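Working notes, structure below.
Residue numbering restarts at 1 for every chain, and letters A, B, ... go by the order of the sequence lines. What you see is a predicted model, and the numbers here were worked out from it, not measured in a lab.
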2 protein chains.
Amino acid sequence: MSEGVEWAVHCCLTLAWLGDERPVPAARLAAGYELPTAYLNKQLQALVRAGVLESVAGAKGGFRLARPLEKITLMDVVAAVEGPEDAFQCQEIRRRGMGAGAPEGRYRAPCAVSTAMRRAELAWRRALAAQTLAEIQAAAERQAPDLGRGVRRWYGQDG
Amino acid sequence: MSEGVEWAVHCCLTLAWLGDERPVPAARLAAGYELPTAYLNKQLQALVRAGVLESVAGAKGGFRLARPLEKITLMDVVAAVEGPEDAFQCQEIRRRGMGAGAPEGRYRAPCAVSTAMRRAELAWRRALAAQTLAEIQAAAERQAPDLGRGVRRWYGQDG
DNA sequence: GGCAACCTGGACGTGTAATATCCAGGTTGT
DNA sequence: ACAACCTGGATATTACACGTCCAGGTTGCC
């Protein structure tokens, strides 16, 4: 799993703490976690394409949340950053070697191995979709109630 | 996810269909799916280290199942091939940039983002552990009841 | 208008892990 | 003794994640 997921979630939380009055430039978000600006920018663009963030072009531009944290699930962020493909990719090796030259239609049904793996990934996706960023933010603030204040202070008074 | 998982599961099923009277050499298993022998051998060795397979050295040696398919879960195979590490690795970026110089003990509790991701991976592992290779074999035979016979025929009469 | 601050998209380098091969050594059946 | 087989390490090769750079377009501000 690429580490872009961690970057993306933390950036979403930061944007939520800062409020959406004005957009935050990628360079500023990157500085907040000491991340490479250009590369973080790519992840943010992926989040925009996925409809999680909105971008504002031009001076004083940047990124903001496209909707409140309550309506963003971990699944949304993971899908945006990692892409829609399953982690397990069936190579259909059942058709090779001893499986070659099998009668027509033997392979109409999906491979049982693939089905089993897909079932597990579905459970993973369900667990991701069941958690909103708002819940994660709440958990973080339960550990450190002044996190939001700290973020706002670091980003310069209030905004 | 490495494709070694698919190789490993299919090989386990093949070993089950062939019975464990005599071990099957890696080269033979590889030929059954047109896989690179030396590389498949590495995956099989990982399965041996994990206690899923047993190996027999010397001439007429090879690999056999260490226990019946009913007692091998998908989780066993995935863990053997992929290793024990979580797919999501928390880089603790919360401590960098604006998080640097935080008061002592702020980071005693694990990152809320990491916790959420771990929860989803736990669901994945549970789903993997809930499925035995015997069930997968049964599903495969439901699609093609003569699979076992076909495998035995391809591997030479009976054995 | 002109300039600087931004995002967008693509091309390009880099580094690491998955993939794959090879070999030297040990074990076992014939 | 020899051939078949596993074991483990060293070594390519390849794919992809990671990261940089640049040319282009948009916007705010003087």
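Counting heavy atoms from C-beta outward, A:Thr37 and A:Leu40 have side chains that stay 4.5 Å or more apart. Contact of the B:Val113 side chain with the A:Leu74 side chain is not registered, since no non-hydrogen atoms from C-beta on lie closer than 4.5 Å.
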Can you give one letter per nucleotide of nucleotides 15-23 of chain C, going 5' to 3': B for a protein heavy atom under 4.0 Å from the base, S for sugar-phosphate only, - for none?
---SBBB--

B/S/- contact track for nucleotides 25-30 of chain D, protein heavy atom under 4.0 Å
-BBS--

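With respect to A:Arg119 and A:Glu121, no salt bridge is recorded, no charged nitrogen being found less than 4.0 Å from a carboxylate O. Between B:Arg125 and B:Asp86 a salt bridge is recorded (basic side-chain N to carboxylate O distance below 4.0 Å).
When rounded to the nearest whole Å, the span between CG of A:Leu47 and C1' of C:dT8 equals 15 Å. We find that CG of B:Leu29 is positioned 13 Å from C1' of D:dC5, with the value rounded to whole Å. If you take CZ of A:Arg64 and C1' of C:dC6, they are 14 Å apart, rounded to a whole angstrom. Separating the CD atom of B:Glu54 from the P atom of C:dT27 is a distance of 18 Å, rounded to the nearest angstrom. For the pair A:Asn41 CG and C:dA11 P, the computed distance is 17 Å after rounding to whole Å. Rounded to an integer number of Å, the gap from CD of A:Glu85 to P of D:dA17 is 9 Å. Protein atom CD of A:Glu82 is 8 Å distant from nucleotide atom P of D:dA17, rounded to whole Å. The distance between atom CZ of B:Phe63 and atom P of D:dA4, rounded to the nearest whole Å, is 17 Å.
OP1 or OP2 of C:dG9 sits under 4.0 Å from a side-chain N or O of A:Arg49. The phosphate of C:dC6 (OP1 or OP2) has no side-chain N or O of A:Ser55 nearer than 4.0 angstrom.
Checking side-chain atoms of B:Gln131 against main-chain N and O of A:Met117 turns up no donor-acceptor pair under 3.5 Å. Here the side chain of A:Arg67 pairs a donor or acceptor atom with the backbone of A:Gly51 at under 3.5 angstrom.
A search for side-chain hydrogen bond (donor to acceptor under 3.5 Å, both in side chains) contacts involving A:Arg149 returns nothing, not counting sequence neighbours.
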Stepwise side-chain hydrogen bond (donor to acceptor under 3.5 Å, both in side chains) check, A:Tyr155 with A:Thr14:
CA-CA 10 Å; A:Tyr155 273 86; A:Thr14 297; 5.1 Å; no

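Residue A:Ile72 forms a side-chain contact (heavy atoms from CB on, under 4.5 Å) with just one option from A:Leu47, A:Leu65, A:Thr132, A:Leu53, and that option is A:Leu65.
Here B:Arg28 lies out of heavy-atom contact (under 4.0 Å) with every strand. Residue-level contact check: A:Ala27 touches neither bases nor backbone, having no heavy atom under 4.0 Å from any strand.
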